[in-house]
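First listed ligand is number 1; within each ligand, the first listed atom is number 1. Remember, it's a predicted structure, so these values are computed and weren't measured experimentally.
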Amino acid sequence: MSKDELNVDSPVYPKHVGIIMDGNGRWATKRGLPRTAGHYEGIKAAKRVTTEASRLGIPFLTYYVFSTENWRRPDQEVSYLMDLFSSRIFSEIDYYKRIDARLLCRGNLQALSRNAQEAIAATVDATASHQRITVTLALNYGGQDEIVRSVNRWLSSRKEASVITEQDIRDFSDLPHVPPVDLIVRAGGEKRLSNFLLWDSAYAELAFYDTLWPDWGAKDLRIACEEYAHRTRRFGGVPT
Ligand code: IPE
Ligand code: IPE
Ligand code: MG
């Protein structure tokens, strides 16, 4: 991590919040509904939280939407999710315009259907000039996979053999201009990262909540940000 990336004077609120939206399936099962109903509600929760993040002035938000490991789920659940992304997330241009949100994606998008890739590209394009908040969707995303893809991009940029640095890994990552994540919150009770933002989370603050993701809302985001505001970030140094 280079010195000027160190956020030593930690701001009151995080600049970049990563969100692990977990618990959709359990939310639905508890209500006797199919797991897919939880994913549908989960999108509504993401919209509530995004609106609040924009209102609070948090400039970067990254949602863990679908992991490289989530292909292990039943085919029917995977295809429901893919349709949901294309029909609900990538067709919300008016909403992104209203909250002045720019949409980006992070992950290996080449493995997605042509339709999904086109929908993503169109939304990224249509929102490119929006400035208040950058919302990144981590889609077919794995932290380990991103590091491997960064190294491979770096390798193909080289004419002769050399030694890779930490800065190179960052520069060749999926989104080098998005700053490292300050705070990662996880809904749904599990206390793990599940392969989310492994490189960038080196000094992230972590916060875990039992509330299942579809029940999340603006208040939960504010509570997480308040908790963050009371943490002391030292980056290996001593308190100032
Ligand atoms: C997270 O909720 C959504 C995705 C991984 C797409 P889950 O579907 O993992 O919900 P639980 O953990 O089974 O309750
Ligand atoms: C993490 O949730 C992935 C996303 C939220 C997209 P999972 O439900 O897939 O994680 P595990 O399997 O409990 O670790
Ligand atoms: Mg889960």
Side-chain angles (χ1 to χ4, degrees), residues 16-50 53 60-92 103-113 116-117 119-120 135-149 173-175 178 181 183-201 204-217 220-221 224:
H16 182 177
V17 180
I19 300 186
I20 303 176
M21 308 185 278
D22 197 25
N24 293 352
R26 277 164 286 160
W27 183 94
T29 306
K30 261 176 44 182
R31 288 164 176 76
L33 299 168
R35 291 175 53 83
T36 48
H39 296 315
Y40 187 86
E41 284 300 313
I43 301 270
K44 291 195 205 161
K47 211 164 156 178
R48 289 194 294 272
V49 170
T50 305
F60 294 93
L61 204 54
T62 297
Y63 285 108
Y64 203 6
V65 175
F66 191 89
S67 75
T68 44
E69 288 72 34
N70 286 148
W71 297 104
R72 294 179 186 146
R73 297 186 176 207
D75 290 351
Q76 192 233 359
E77 182 169 341
V78 170
S79 62
Y80 179 87
L81 284 167
M82 293 298 152
D83 288 348
L84 193 64
F85 302 152
S86 302
S87 65
R88 298 284 310 286
I89 300 184
F90 299 112
S91 60
E92 293 269 2
L103 207 82
L104 296 177
C105 278
R106 181 169 196 152
N108 183 357
L109 303 181
Q110 280 165 11
L112 302 180
S113 70
Q117 289 185 47
I120 292 167
V135 179
T136 298
L137 304 179
L139 199 49
N140 191 25
Y141 178 87
Q144 294 179 340
D145 182 58
E146 184 181 23
I147 293 169
V148 169
R149 285 183 297 102
S173 68
D174 286 352
L175 297 174
V178 169
V181 65
L183 168 68
I184 293 180
V185 300
R186 180 168 187 146
E190 309 290 4
K191 292 176 182 59
R192 54 179 172 253
L193 289 178
S194 302
N195 208 3
F196 186 47
L197 301 178
L198 296 186
W199 183 271
D200 279 28
S201 63
E205 297 295 322
L206 308 177
F208 299 97
Y209 300 94
D210 287 336
T211 307
L212 301 174
W213 175 253
D215 290 329
W216 257 64
D220 300 279
L221 179 69

Salt bridge (Lys or Arg N to Asp or Glu O under 4.0 Å) partners for Asp220, two or more places apart: none
Between side-chain atoms of residues 80-87 and protein atoms elsewhere (two or more places apart, or another chain), which donor-acceptor pairs fall under 3.5 Å?
{"residue": "Ser86", "atom": "OG", "partner": "Met82", "partner atom": "O", "Å": "3.3"}
{"residue": "Ser87", "atom": "OG", "partner": "Asp83", "partner atom": "O", "Å": "2.9"}

Please produce the table of protein N or O atoms sitting under 3.5 Å from N or O atoms belonging to ligand 2, one pair a line, distance to 0.1 Å.
{"residue": "ligand 2", "atom": "8 (O)", "partner": "Asp22", "partner atom": "OD1", "Å": "3.1"}
{"residue": "ligand 2", "atom": "8 (O)", "partner": "Arg73", "partner atom": "NH2", "Å": "3.2"}
{"residue": "ligand 2", "atom": "9 (O)", "partner": "Asn70", "partner atom": "ND2", "Å": "2.9"}
{"residue": "ligand 2", "atom": "9 (O)", "partner": "Arg73", "partner atom": "NH2", "Å": "3.4"}
{"residue": "ligand 2", "atom": "10 (O)", "partner": "Arg186", "partner atom": "NH2", "Å": "3.3"}
{"residue": "ligand 2", "atom": "10 (O)", "partner": "Ser194", "partner atom": "OG", "Å": "3.4"}
{"residue": "ligand 2", "atom": "13 (O)", "partner": "Arg192", "partner atom": "NH2", "Å": "2.8"}
{"residue": "ligand 2", "atom": "14 (O)", "partner": "Arg192", "partner atom": "NE", "Å": "2.9"}
{"residue": "ligand 2", "atom": "14 (O)", "partner": "Ser194", "partner atom": "OG", "Å": "2.6"}

Side chain to side chain, Ile20 and Val185, heavy atoms closer than 4.5 Å: no
Side-chain H-bond candidate by donor/acceptor type, Arg106 with Ser173, under 3.5 Å: no
Side-chain donor-acceptor pair present, Thr50, Tyr63, cut-off under 3.5 Å: yes
Lys/Arg cation over aromatic Tyr40: Arg88, 6.0 Å, 45° cone: yes
Between Glu41 and Asn24: side-chain donor-acceptor atoms closer than 3.5 Å: no
Quiz item: cation-pi between Arg73 and Trp71, 6.0 Å / 45°: no
Sphere of radius 2.8 Å around the Mg ion (ligand 3) - protein N, O or S atoms inside: Asp22 OD1
Closest heavy-atom pair and its distance - Phe208, Arg192: CE2-N, 3.7 Å
